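Remarks on the structure that follows.
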2 protein chains.
Amino acid sequence: MDGAELDAFAALLRKLNRVCALSEADEATIRGLPWSIESKVARSILIREGEHAALCSVLLDGYVAKGKTALNGSRQIVSFHMPGDLLDIEHVFFRPSDHNLHTVTNVVVARVAREDLRSVTLSRPGLAEAFWCSSLLDAAIYRQWLLNVARRNAKSRVAHMLCEFTVRASMAGLGSPAAFEFPMTQVEIAHATGLTPVHLNRIIGDLAEQGLIVRRKGRLSIGDWIAIQRTAGFKPAYLETNARVLLV
Amino acid sequence: MDGAELDAFAALLRKLNRVCALSEADEATIRGLPWSIESKVARSILIREGEHAALCSVLLDGYVAKGKTALNGSRQIVSFHMPGDLLDIEHVFFRPSDHNLHTVTNVVVARVAREDLRSVTLSRPGLAEAFWCSSLLDAAIYRQWLLNVARRNAKSRVAHMLCEFTVRASMAGLGSPAAFEFPMTQVEIAHATGLTPVHLNRIIGDLAEQGLIVRRKGRLSIGDWIAIQRTAGFKPAYLETNARVLLV
DNA sequence: CGAATGGTTGATCAGAGTCAAAATTTGTGG
DNA sequence: CCACAAATTTTGACTCTGATCAACCATTCG
């Protein structure tokens, strides 16, 4: 990860610039943030629910899932994250984490102290705005997932999750729908869609049979990008796909 | 609403101060924002999905629900709002609304132009921080709802929603658990919990039979505050009940 | 090569949805 | 204040999606 060390925050800047253009000075401030790089193997824990966090993480490489656990023990993934995402920016304000973070693949994160992020935020309004804007986009995604889990049947629910992941991945520069391979296991997709792994497996089977997705050695990819969006009822507007709002 | 006209933003200031203490100057800036008061009767629309919004709303009195519609027509309420809440602050950045807002009761809102909110935000870092922090709290609630809808059974799901509403209402100064009456219809509770109205009605019956809630002429209230939290598996930490973070 | 993890299949079951109708409550106008 | 209409709540009968339980296969990786 020498490249990352040279310009650790390139992906973050790319993401922030997409929603909310930054000034040169703002970019320089981000680049100047004190960070430390951490690598984690797949399926390891970054933060546990209830843990007090003094650091926030920026995802540089790999995929991460954010989850919550109910008192009865069942687990739900509430979001997936890709390079450039701020994983737990709420720790700038809130101490004990309301969620856990686990790595889906091998991962590289940059850790930044909450105080550093906060002071940067207070001194540079443009950065405060960009962080805020990015948090609002996260919230829009949560709303969509809520609709997804609450009101779509298993098949379109899974299709919708795959569509969203695909669009976000391609916005993050990770590949086009046709080429892209999903990094998560079926168990993780089940946890993210509110289904059981067994039922999810059957749904995956259906989707593959219709040619909407393709299974190759346990890896999933999109088979028919138009058709899967149709069965998902997927409209990407909520992702602010053509954002860079407020260029005013 | 003459009281409101005199100090329209008292509830908003109360809420922002709870999570993130404001300076005198910040408070004064908020009070100085140009606003216009609007009253709406119960069950009317404030904003429709897809609509371009030039104004943001602060809820001064009454209750509002935020909803989304799937392409198949089914509707989901993704959050409830109470006095002091910023109803659609995302319109500072994003144009077409990804959700609709409808009034649950008669309602008074203050409308503020997005440009005014934005410029206030750029000139006063303390306010940017407070708005951002409040958005992060909203996101924590979305995560909890996601867990709720995806992983709890109907009974504890409904109980959880009622617990959260109760705590938020009491934080907003609207009454204690014992005294508080829920303002929404069963159909609305069903829409918020991802259930059908028919099934919800049966769950309400169960909860009432166990004495957890009380039905009086179609109005619901809490019957046993300890017991309902237990069946909900409700832990209010995610609401930052004792917030006012970062007093540093 | 063998253990572990992840994926697949089958049989059965239950929680919540659907459809349909009746009973209550609420709101409105006379 | 009453009567009627509209909205909301309640009940019953039946169905179906997705959960559960229990094996068994396939890959990957040490």
Side-chain angles (χ1 to χ4, degrees), chain A residues 41-44 65 70 72-77 102-106 148-161 181-209 213-221 231, chain B residues 41-44 65 70 72-77 102-106 148-161 181-209 213-221 231:
Chain A
V41 298
R43 273 84 208 187
S44 55
N72 65 32
S74 56
R75 318 182 93 253
Q76 174 67 16
I77 288 175
H102 79 263
T103 62
V104 171
T105 59
N106 292 344
N148 207 25
V149 169
R151 298 292 169 191
R152 277 188 251 258
N153 64 23
K155 193 191 249 178
S156 55
R157 200 189 297 183
V158 172
H160 196 283
M161 198 238 91
E181 285 207 333
F182 293 99
M184 56 285 207
T185 64
Q186 289 189 12
V187 173
E188 284 163 331
I189 301 178
H191 279 163
T193 47
L195 299 169
T196 55
V198 171
H199 193 60
L200 179 95
N201 179 264
R202 297 187 167 117
I203 298 296
I204 291 286
D206 290 357
L207 291 172
E209 205 173 331
I213 60 176
V214 177
R215 276 183 289 199
R216 210 171 37 253
K217 300 214 266 178
R219 300 262 145 235
L220 294 183
S221 57
T231 79
Chain B
V41 297
R43 272 86 209 185
S44 55
N72 65 30
S74 56
R75 318 182 93 253
Q76 174 68 16
I77 288 176
H102 80 262
T103 62
V104 171
T105 58
N106 291 343
N148 208 24
V149 168
R151 297 294 168 188
R152 277 188 250 258
N153 63 23
K155 192 192 248 178
S156 56
R157 198 190 297 182
V158 172
H160 196 284
M161 198 239 91
E181 285 208 331
F182 293 99
M184 57 284 208
T185 65
Q186 290 189 12
V187 174
E188 283 164 331
I189 300 177
H191 279 163
T193 47
L195 299 169
T196 54
V198 171
H199 192 59
L200 179 94
N201 179 263
R202 296 187 167 117
I203 298 296
I204 292 286
D206 291 356
L207 292 172
E209 206 173 331
I213 60 175
V214 177
R215 276 184 288 201
R216 210 170 36 253
K217 300 213 266 178
R219 299 262 146 235
L220 294 182
S221 56
T231 78

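Quick caveat: nothing in here was measured; it's all calculated off a predicted structure. Throughout, protein chains are lettered first and strands after them, A, B, ... in sequence-line order, and every chain is numbered starting at 1.
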query = Within this structure, what is the CZ-to-P distance between A/Arg151 and D/dT17, rounded to whole angstrom?
reply = 17 Å
Over all atoms of both residues, closest heavy-atom pair of A/Ala192 and A/Met161 = CB-SD, 4.3 Å
ask   = Any side-chain heavy-atom pair from B/Asn153 and A/Asn72 closer than 4.5 angstrom?
value = no
A/His160 side chain near A/Thr231 side chain, heavy-atom distance below 4.5 Å = no
request  = Nearest whole angstrom, please: distance from the P of C/dT24 to the CD of B/Gln186.
outcome  = 15 Å
key: Between C1' of D/dT11 and CD1 of B/Ile204, the distance in whole Å   = 16 Å
query = Do the non-hydrogen side-chain atoms of B/Arg202 and B/Asp206 ever get within less than 4.5 Å of each other?
reply = no
ask   = CZ of A/Arg215 versus C1' of D/dT27: gap in Å, rounded?
value = 15 Å
Over all atoms of both residues, closest heavy-atom pair of B/Ser74 and A/Arg151 = OG-CB, 3.5 Å
task = Please report, rounded to the nearest Å, how far the P atom of C/dT9 is from the CG atom of A/Asp206.
result = 11 Å
task = Would you mind reading off the distance between B/Arg43 atom CZ and C/dT26 atom P, rounded to a whole angstrom?
result = 12 Å
remark   = Per nearest nucleotide of DNA chain C, the residue lying toward the 5' end, A/Val187 or B/Arg157, is A/Val187
Spacing between B/Leu220 atom CG and D/dT10 atom C1', to the nearest angstrom = 13 Å
query = Between A/Glu181 and A/Lys217, is a salt bridge (charged side-chain N to carboxylate O under 4.0 Å, His left out) present by the stated rule, with each step listed?
reply = CA-CA 11 Å; A/Glu181 285 207 333; A/Lys217 300 214 266 178; over 6 Å; no
task = Please state how far atom CZ in B/Phe182 lies from atom C1' in D/dT9, giving the value in whole angstrom units.
result = 18 Å
query = Is there a residue in residues 191-203 of chain A whose heavy atoms reach under 4.0 Å of DNA chain D, and which residues are they?
reply = A/Gly194, A/Leu195, A/Thr196, A/Val198, A/His199, A/Arg202
